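Below: the structure, in structure tokens.
Every number for a ligand or one of its atoms is a count from 1 in the order of the listing. Note: hydrogens, waters and symmetry copies are ignored here, and every other heavy atom, side chains too, is used. Keep in mind that this is a model prediction, so the values were computed, not measured.
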Amino acid sequence: MLKGKTALVTGSTSGIGLGIAKALAAQGANIVMNGFGDVDGPKAEVAAFGVKVAYHGADMSKPAEIEAMITYAAEQFGRVDILVNNAGIQHVARIENFPIERWDAIIAINLSSAFHATRAALPAMQTAGWGRIINVASVHGLVASAEKSAYVTAKHGVVGLTKVTALENATTGVTCNAICPGWVLTPLVQKQVDAKAATLGISNDEAKKLLLGEKEPSLQFTTPEELGALAVFFCSPAGNNVRGVAWNMDGGWVAQ
Ligand code: NAD
């Protein structure tokens, strides 16, 4: 379905971004990957779908590097047809104890990076008359949790940015939508499981059950594969008139 298209997925060396990159590659899209840590392993997982894969190591807290990444993607494969703004980090602390440096980093990586990448990628999509921008927000773009001030602020911002991007392009073939996962067992969440297990002196499994039980009625983690399938739907012809939604995949978290 996406043969000949190019998707750039930020933060795709791990977790949800990697799941979305693989789902888009399975549909035939060439993929530009980004993110830190091991690159070769994730790159091979995506290339296994028989598509072309490139990588750019832009730090998503640096606007100039984000712009260079969009230019690089266009040089590699012609243009970016699908932009998935996914890179993100977390820090958990009450506001009075929240380190200023963590606040600034979360706002830059989880929110401003989506603006910078969208700004740089949009003109080519508008010229082509087709484009998909998918912002990985969170249930925390719709509701709040204590001790996540920067994250909740950034994710609510991402949902707002999604709506504005959708409206500004509403009469064109460029759509913009947000995905709002509940708990997904990636390294980002494993850190929170570890912290709970250490604080309460309980096992990893008990901490996972507790984490799910607090927020997610299904008591199940959403998977990167399920989120990848939602991204594919947004890119499909059936998604042509889906504009500005913030779609939660959260085991009932926000229904409560
Ligand atoms: P993860 O830690 O597995 O992956 C994060 C990715 O972002 C990695 O590839 C990492 O290298 C990259 N990254 C981090 N900082 C970066 C930077 N400065 N520049 C470039 N890349 C950077 O986490 P994940 O759970 O897969 O998170 C992906 C997205 O999904 C995030 O935006 C997160 O907020 C969101 N999300 C996660 C969950 C969850 O439960 N895991 C729930 C809702 C939303």
My understanding is that only one of V84, N177, L122 makes a side chain to side chain contact (heavy atoms under 4.5 Å, CB included) with I133; could you say which?
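The residue from V84, N177, L122 that satisfies side chain to side chain contact (heavy atoms under 4.5 Å, CB included) with I133 turns out to be L122.
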Should the heavy atoms of other residues, nucleotides or ligands under 6.0 Å from CD of Q76 be counted, would the total exceed 12?
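For Q76, atom CD is crowded (more than 12 foreign heavy atoms under 6.0 Å).
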Under 3.5 Å, is there a donor-acceptor pair between the K208 and Q190 side chains?
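No, Q190 and K208 have no side-chain donor paired with an acceptor closer than 3.5 Å.
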Distance-only donor-acceptor check, side chains D59 and S61, under 3.5 Å
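Looking only at side-chain atoms, S61 and D59 do form a donor-acceptor pair, the distance falling under 3.5 Å.
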So, E214 and K196, do they make that salt bridge, N to O below 4.0 Å?
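Result for this pair is yes, salt bridge flagged.
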Taking only heavy atoms of the protein into account, state which residues are under 4.0 angstrom from an atom of ligand 1, in chain and number order.
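Contacting ligand 1 under 4.0 Å are G11, S12, T13, S14, G15, I16, N34, G35, F36, A58, D59, M60, N86, A87, G88, I89, I109, V136, A137, S138, Y151, K155, P181, G182, W183, V184, T186, P187, L188, V189.
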May I ask you to establish whether K5 and W130 are in a cation-pi arrangement, using a distance under 6.0 Å from NZ or CZ to the six-membered ring centre and at most 45° from the ring axis?
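Yes, K5 and W130 form such a contact.
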